Amino acid sequence: MVSLAKSVGNAGINMPADVLNVQVNLNRIPALRGGPPIPLDADSRVGPMTLDAIARFQKHHFGWSDGRIDPKGKTHQQLELELASLPTTPDVDLNGGRDTSPNAWPSNEIQAAMVNRVLSNLPPQVVEAGASDWLWNLSPARLTIIDVAIQEAKPYPGRVSDMEGQTGLNVDPWDGKTKRIRHGWRRLHEYFQTASVHVDMNIEEQREGILCWNKRVQQPHLPQAPGTTPGVHWCGIFATWALSNAQSRWPNFVRRPLRWMSPLISMPKQLAMENGGKLNLEAGDVAVILKNTHHFTLISPPVGNTKNSLVWVISANDEYQSILIKTFPVSSILMRYSGDDIFL
């Protein structure tokens, strides 16, 4: 909740505590959803950047702006709606200095809050296998990746699934026709936007892959594994979204530029042939099964014996395009992206 006692912004009362609350929470909104493209300096003072950020948020959602947020007003309510749809995140804007290291936690409280939230979302088998022990040893980058991604998988079968029960008959806002539409289509569209994979919602073949049930976005010019279902396999797009959101949780860290993670265009990749064929998988990495161009976030170190070891993963674009928590054999993984490499 964004607690406001008085108005903030243009001709507002601008109480310092209210201004700080607005600045911190606007920084949490992704730029593609009306947030500031450059994070605000949370200094409790209303300056040109704060006024511009309020106006930008209003124009994005309403098509107009007056540069002010009134308690319980339309802008206040929309800001709370947007925040409620984001993965839960600590108040990192209020902790740590500009030179904070991505390998060290700014406070024990932030680390404990994230560890406990991840534990509450893990399958019982992972918790019983001693997940708490290795979660406490993860860097902020790795744990935040897991925290962001796992919240997209809850509740089963994830936010954007087109499984029966996750869809309904609704009117297509573009062509006015009644059709079966996934409830999470706006979120799926956000995955594509964040990964800079353009989908033209005015083109039926592209729009219906995001909007409609049991369809894929038809963009044959994007990398595609031979012999697989035509259309975009968005598992790597989801991985890019998760890493981008993990970066946004730590505005004081220098971030590596991200593109859609695929075997062809990606962050620096590590192949199985390196290091004697060993990937040295760690929780918080993103792994790839090259055969299916399938990506997933690792939420555990390898478990089981060396020959038949498994990893618990957050697997996107799975059954009915769901986001599922499941196991994969380590032997099937051909490539990984290091969770620590999202920060320089």
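Residues take their numbers from the sequence shown, with the count starting at 1. This is a predicted model, so every value here is computed, not measured.
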| Stepwise, does the side chain to side chain contact (heavy atoms under 4.5 Å, CB included) test hold for Lys154 with Tyr156? | CA-CA 5 Å; Lys154 295 288 186 173; Tyr156 172 87; over 6 Å; no
| field | Enclosure of Glu319 CD (heavy-atom neighbours >12, cutoff 6.0 Å) | value | no
| message | Tell me whether Asp162 is salt-bridged to Lys215, with the criterion being a basic N under 4.0 Å from an acidic carboxylate O. | response | no
| task | Taking Ser244 for its side chain and Thr240 for its backbone only, find out whether a donor-acceptor pair lies under 3.5 Å. | result | no
| note | Arg68 meets the side chain to side chain contact (heavy atoms under 4.5 Å, CB included) criterion, sequence neighbours left out, with Ser7, Ala11, Asp66, Asp70
| Donor + acceptor pair across side chains of Glu152, Trp241 (<3.5 Å) | no
Show me, pair by pair, the donor-acceptor contacts under 3.5 angstrom made by side chains of residues 166-173, not counting sequence neighbours?
unit_1	atom_1	unit_2	atom_2	d
Thr167	OG1	Arg180	NH1	3.0
Asn170	ND2	Gly168	O	3.4
Asp172	OD1	Trp174	N	2.7
Asp172	OD2	Lys179	NZ	3.0
Asp172	OD2	Arg207	NE	3.1
Asp172	OD2	Arg207	NH2	3.4

| request: Check side chain to side chain contact (heavy atoms under 4.5 Å, CB included) between Glu109 and all other residues, then give those that pass, not counting sequence neighbours. | output: Ser107
| Donor-acceptor contact present, side-chain Arg117 to main-chain Asp147, <3.5 Å | no
| Sequence neighbours excluded, every pair satisfying ring pair (Phe, Tyr, Trp, His ring centres under 6.0 Å) that has a member inside residues 51-73 | Phe57-His61, Phe62-Trp64
| Asn14 side-chain N/O to Gly9 backbone N/O, donor-acceptor pair under 3.5 Å | yes
| query | Of the non-hydrogen atoms in Gly184 and Val160, which two are nearest, and what is the gap between them? | reply | O-CG1, 3.3 Å
| Between His295 and Tyr337, which heavy-atom pair has the shortest distance, and what is it? | CD2-CE1, 4.1 Å
| Check: Ile210 main-chain N/O paired with Arg182 side-chain donor or acceptor under 3.5 Å | yes
| query | Around Phe328, counting heavy atoms of other residues, nucleotides and ligands shown, do more than 12 lie under 6.0 Å from its CZ? | reply | yes
| field | Member of Ile145, Leu143, Val115 meeting the side-chain contact (heavy atoms from CB on, under 4.5 Å) criterion with Leu138 | value | Leu143
| note | Gly209 and Leu188 have their tightest heavy-atom pair at O-CD2, 4.1 Å
| query | Any side-chain donor-acceptor pair under 3.5 Å between Asp318 and Ser315? | reply | yes
| query | Backbone N or O of Leu281 within a donor-acceptor pair of the Asp285 side chain at under 3.5 Å? | reply | no
| Which residues pass the side chain to side chain contact (heavy atoms under 4.5 Å, CB included) test with Thr50, sequence neighbours left out? | Gln23, Leu40, Ile54
| message | Apply side chain to side chain contact (heavy atoms under 4.5 Å, CB included) to residues Thr75 and Gln78 and explain how you reach the verdict. | response | CA-CA 5 Å; Thr75 306; Gln78 186 65 39; 5.7 Å; no
| Steps toward side chain to side chain contact (heavy atoms under 4.5 Å, CB included) verdict (Asn317, Arg216) | CA-CA 10 Å; Asn317 200 11; Arg216 290 187 183 274; 3.3 Å; yes
| query | Does Ser322 use its side chain to pair, donor to acceptor, with the backbone of Gly158 at less than 3.5 Å? | reply | no
| Are more than 12 heavy atoms from other residues, nucleotides or ligands located less than 6.0 Å from atom NZ of Lys59? | no
| Which pair of heavy atoms, one from Val8 and one from Val46, lies closest together, and at what distance? | CG1-CG2, 4.4 Å
| note | By side chain to side chain contact (heavy atoms under 4.5 Å, CB included), Lys6 pairs with (sequence neighbours left out) Ile13, Met15, Asp18
| message | For Ile314 versus Ala153, what's the shortest heavy-atom pair and its separation? | response | CG2-CB, 4.4 Å
| task | Could you check whether the rings of Trp105 and Trp250 sit parallel, tilted or perpendicular, using 30° and 60° as the cut-offs? | result | perpendicular
